[in-house]
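Scope of the values below: all heavy atoms of this structure, side chains included, with no hydrogens, waters or symmetry mates. Chain identifiers are assigned alphabetically (A, B, ...) following the order of the sequence lines, protein sequences preceding nucleic acid strands; residue numbering begins at 1 within each chain.
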2 protein chains.
Amino acid sequence: MTHGYSHQVTTPPPAEPRFTLDRTSPVPLYYQLAQQLEAAIEHGVLSPGSLLGNEIDLAGRLGLSRPTVRQAIQSLVDKGLLVRRRGVGTQVVHSQVRRPLELSSLYDDLEASGQNPATRVLHNRVRPATPEVAAALRMPEGSEVVVLERLRLTHGEPVAFLCNFLPAGLLDLDSAKLEETGLYRMLRAAGITLHSARQSIGARSATAEEAERLGEAEGAALLTMERTAYDNTGRPVEFGAHVYRASRYAFEFQLLVRS
Amino acid sequence: MTHGYSHQVTTPPPAEPRFTLDRTSPVPLYYQLAQQLEAAIEHGVLSPGSLLGNEIDLAGRLGLSRPTVRQAIQSLVDKGLLVRRRGVGTQVVHSQVRRPLELSSLYDDLEASGQNPATRVLHNRVRPATPEVAAALRMPEGSEVVVLERLRLTHGEPVAFLCNFLPAGLLDLDSAKLEETGLYRMLRAAGITLHSARQSIGARSATAEEAERLGEAEGAALLTMERTAYDNTGRPVEFGAHVYRASRYAFEFQLLVRS
DNA sequence: AAGTGGTCTAGACCACGGT
DNA sequence: CCGTGGTCTAGACCACTTG
């Protein structure tokens with residue numbers, strides 16, 4: 001092979017997308033940059049495997065300081081979109097799938113995948129907490145809790161039976177609203193910001209009653225989830241025991257490795 | 001109420017734990033601080049809900065700059081141990097449970113919970129990839145892959161049947177080693193650093209063969225997981241289809257809400 | 001040896017929450 | 001109003017990777 005001029009052995013020069021920063025905006029500069037980087041990756045302007053160019057130059061070109069640029073890049077590294085390697089540079093990750101694991105709302109999941117979800121509220125009353133529920137919500141046994149039973153359907157077919165417990169008086173749980181949207185959206189709307197949740201996913205065979213409700217045969221395999229959700233202060237906000245038709249639903253998500 | 005001297009209406013003064021930083025250590029200062037903070041929280045020296053004291057003072061007392069202290073605190077916020085609120089301060093989260101969701105190795109999970117795991121390798125051969133496996137590993141159909149079938153037991157009882165596929169030649173998969181440890185540890189030991197994985201968790205009824213292998217009745221509910229794991233560069237490294245006895249295993253984990 | 005990200009400093013001003 | 005975290009700057013030196 002002859003060594004001609006300007007031959008490119010490795011990566012083509014980074015096809016620098018244009019970034020526009022608005023210093024008068026209340027949106028932080030690092031966040032503006034992160035969003036535009038993410039969009040460039042999403043739209044393929046920055047192709048998988050391509051290098052980003054070093055942080056110092058990038059900062060200079062953008063008129064930002066290096067820590068600010070690093071903060072933008074770091075947020076995308078945390079999302080799994082970029083990988084940094086010392087001595088090498090920052091690269092766009094090759095993976096094709098980019099779904100994070102979230103504290104998933106079944107309603108939102110179904111809606112996002114175009115499944116046209118519907119909800120039927122079967123039960124919505126205040127009851128004294130059973131020992132199990134009281135323990136999960138860290139309330140005295142017998143405290144008043146809202147007991148909520150809902151059937152979730154897509155295209156008119158049952159997908160899941162959802163049983164939830166919330167401290168009474170935490171928010172107004174209007175049945176009509178609940179049929180229009182998801183429980184988590186109502187929590188957000190009520191100013192309750194979720195912080196974390198503890199989940200357990202298992203399986204079991206359908207009882208006669210469950211089979212009836214979900215339109216499955218008795219003994220069919222069902223997917224189960226129990227979840228306790230906590231707010232900012234660590235207070236339990238919601239406890240739920242859900243049962244899904246395994247023939248129509250599975251939990252899908254992407255994990256990032258803690259490094 | 002009389003207003004005496006030094007009465008405390010709200011939070012007691014932060015019981016400042018002692019932090020010792022070693023500037024000669026190769027361990028980053030922010031990381032040393034983060035570890036000691038985490039230990040203090042873990043051991044209850046910093047109790048749930050207590051404030052941390054403002055960042056400027058903390059930096060001054062420790063002889064660090066504020067950004068360094070912030071970096072330490074941020075890492076614990078990302079782990080869900082601390083919460084920051086503007087105008088208020090940084091607090092230890094109230095929650096009692098502190099298990100993160102990880103790209104879980106079943107072997108490690110079981111070992112960590114004192115279950116004394118064992119592995120029986122049933123099959124370990126190189127085969128041409130089926131269309132499904134080839135697609136998952138993004139290899140041409142018929143490429144050589146290692147097909148691995150293992151039975152996982154605790155206390156001598158079967159818990160799961162694990163079927164895995166890896167590109168042939170990626171690493172040496174010695175059956176004896178596989179019975180002593182987990183697949184993920186072998187990948188790490190071979191210098192393969194996992195970056196992310198795509199998982200799907202579902203359920204189904206046991207076939208006669210599965211029931212036989214796992215010691216369940218035919219038709220019993222089983223928990224299933226399919227996973228494709230990717231390395232730093234986004235290349236698929238492993239595809240697995242696992243089946244768990246629902247009567248003896250469930251996936252448990254904690255989620256943090258993206259904020 | 002050159003280039004990269006990793007860490008660290010010592011300041012600054014702003015936005016928000018509570019008093 | 002004051003105190004808090006949130007953002008940002010303009011440098012510095014180090015550790016690692018690659019040629």
Side-chain angles (χ1 to χ4, degrees), chain A residues 3 7-11 13-14 21-35 37 50-78 82-93 191 193 232-233 259, chain B residues 3 7-11 13-14 21-35 37 50-78 82-93 191 193 232-233 259:
Chain A
H3 285 243
H7 83 182
Q8 293 173 346
V9 196
T10 54
T11 316
L21 300 171
D22 176 5
R23 295 191 98 97
T24 72
S25 162
V27 178
L29 294 172
Y30 81 89
Y31 193 78
Q32 293 183 37
L33 176 55
Q35 280 187 317
L37 276 169
S50 65
L51 286 166
L52 220 59
N54 80 61
E55 299 172 348
I56 313 268
D57 289 357
L58 192 52
R61 277 200 301 278
L62 295 170
L64 295 174
S65 68
R66 188 185 171 204
T68 301
V69 170
R70 275 184 67 81
Q71 195 175 359
I73 291 176
Q74 187 58 46
S75 71
L76 298 187
V77 170
D78 291 342
L82 297 176
V83 185
R84 289 208 244 234
R85 276 186 287 172
R86 197 150 33 181
V88 178
T90 303
Q91 285 181 302
V92 179
V93 152
T193 57
N232 272 341
T233 71
S259 53
Chain B
H3 284 244
H7 84 180
Q8 294 172 347
V9 194
T10 55
T11 316
L21 300 171
D22 176 5
R23 294 192 100 96
T24 72
S25 162
V27 178
L29 293 172
Y30 80 88
Y31 194 78
Q32 293 183 37
L33 176 55
Q35 281 188 317
L37 275 169
S50 65
L51 287 166
L52 220 59
N54 81 61
E55 298 172 347
I56 313 267
D57 289 358
L58 192 52
R61 278 200 300 277
L62 295 171
L64 294 174
S65 68
R66 187 184 170 202
T68 302
V69 170
R70 273 184 69 80
Q71 195 175 359
I73 291 176
Q74 188 59 46
S75 70
L76 298 188
V77 171
D78 292 342
L82 296 177
V83 184
R84 290 206 240 234
R85 278 187 286 172
R86 197 145 43 175
V88 178
T90 303
Q91 285 181 302
V92 179
V93 151
T193 56
N232 273 340
T233 72
S259 54

Whole Å only: how far is the CZ atom of B:Arg84 from the C1' atom of C:dG18? 19 Å
d(CD1, B:Ile56; P, D:dG3) in whole Å: 12 Å
5'-most contact on DNA chain C (nearest-nucleotide basis), A:Pro67 vs A:Thr90, goes to A:Thr90
Presence of donor-acceptor pair under 3.5 Å, side chain of A:Arg66 and base of C:dT7: yes
Do the side chain of B:Gln32 and the main chain of B:Val27 share a donor and acceptor less than 3.5 angstrom apart? yes
Rounded distance in Å - CZ (A:Arg86) to C1' (C:dG3): 13 Å
Just how far, in rounded Å, is P of C:dG18 from CG of B:Leu51? 12 Å
Can you measure B:Leu52 atom CG to D:dG5 atom P for me and round it to whole angstrom units? 8 Å
Report yes if some heavy atom in the side chain of A:Thr68 is under 4.5 Å from a heavy atom in the side chain of A:Leu62; otherwise report no. no
Close side-chain approach of A:Val92 to A:Leu82, heavy-atom, < 4.5 Å: yes
Any side-chain N or O of B:Thr68 below 4.0 angstrom from OP1/OP2 of C:dT7? no
By nearest-heavy-atom nucleotide on DNA chain D, the more 5' of A:Val88 and A:Val69 is A:Val69
Heavy-atom side-chain contact between A:Arg84 and A:Glu55 under 4.5 Å: yes
What is the distance, rounded to the nearest whole Å, between atom CD1 of B:Ile73 and atom P of D:dT4? 12 Å
Tell me whether the side-chain N/O atoms of A:Asn54 come closer than 4.0 Å to OP1 or OP2 in C:dG3. no
Check every atom of C:dG6, D:dG6, C:dT9 against the side chain of B:Glu55 and return the nucleotide holding the closest atom. D:dG6
Does B:Tyr30 make a side-chain N or O approach to OP1 or OP2 of C:dT7 shorter than 4.0 Å? yes
Along DNA chain D (nearest heavy atom to each residue), the more 5'-positioned of A:Arg85 and A:Pro28: A:Pro28
Does B:Thr90 reach the side chain of B:Val83, with side-chain heavy atoms less than 4.5 Å apart? no
B:Leu82 atom CG is separated from D:dT4 atom C1', nearest whole Å, by 15 Å
Over how many whole Å does the gap from A:Gln32 atom CD to D:dT7 atom P extend? 12 Å
Which is true for A:Leu29 with a 4.0 Å heavy-atom rule: it touches a base, it touches only sugar-phosphate, or it touches nothing? sugar-phosphate
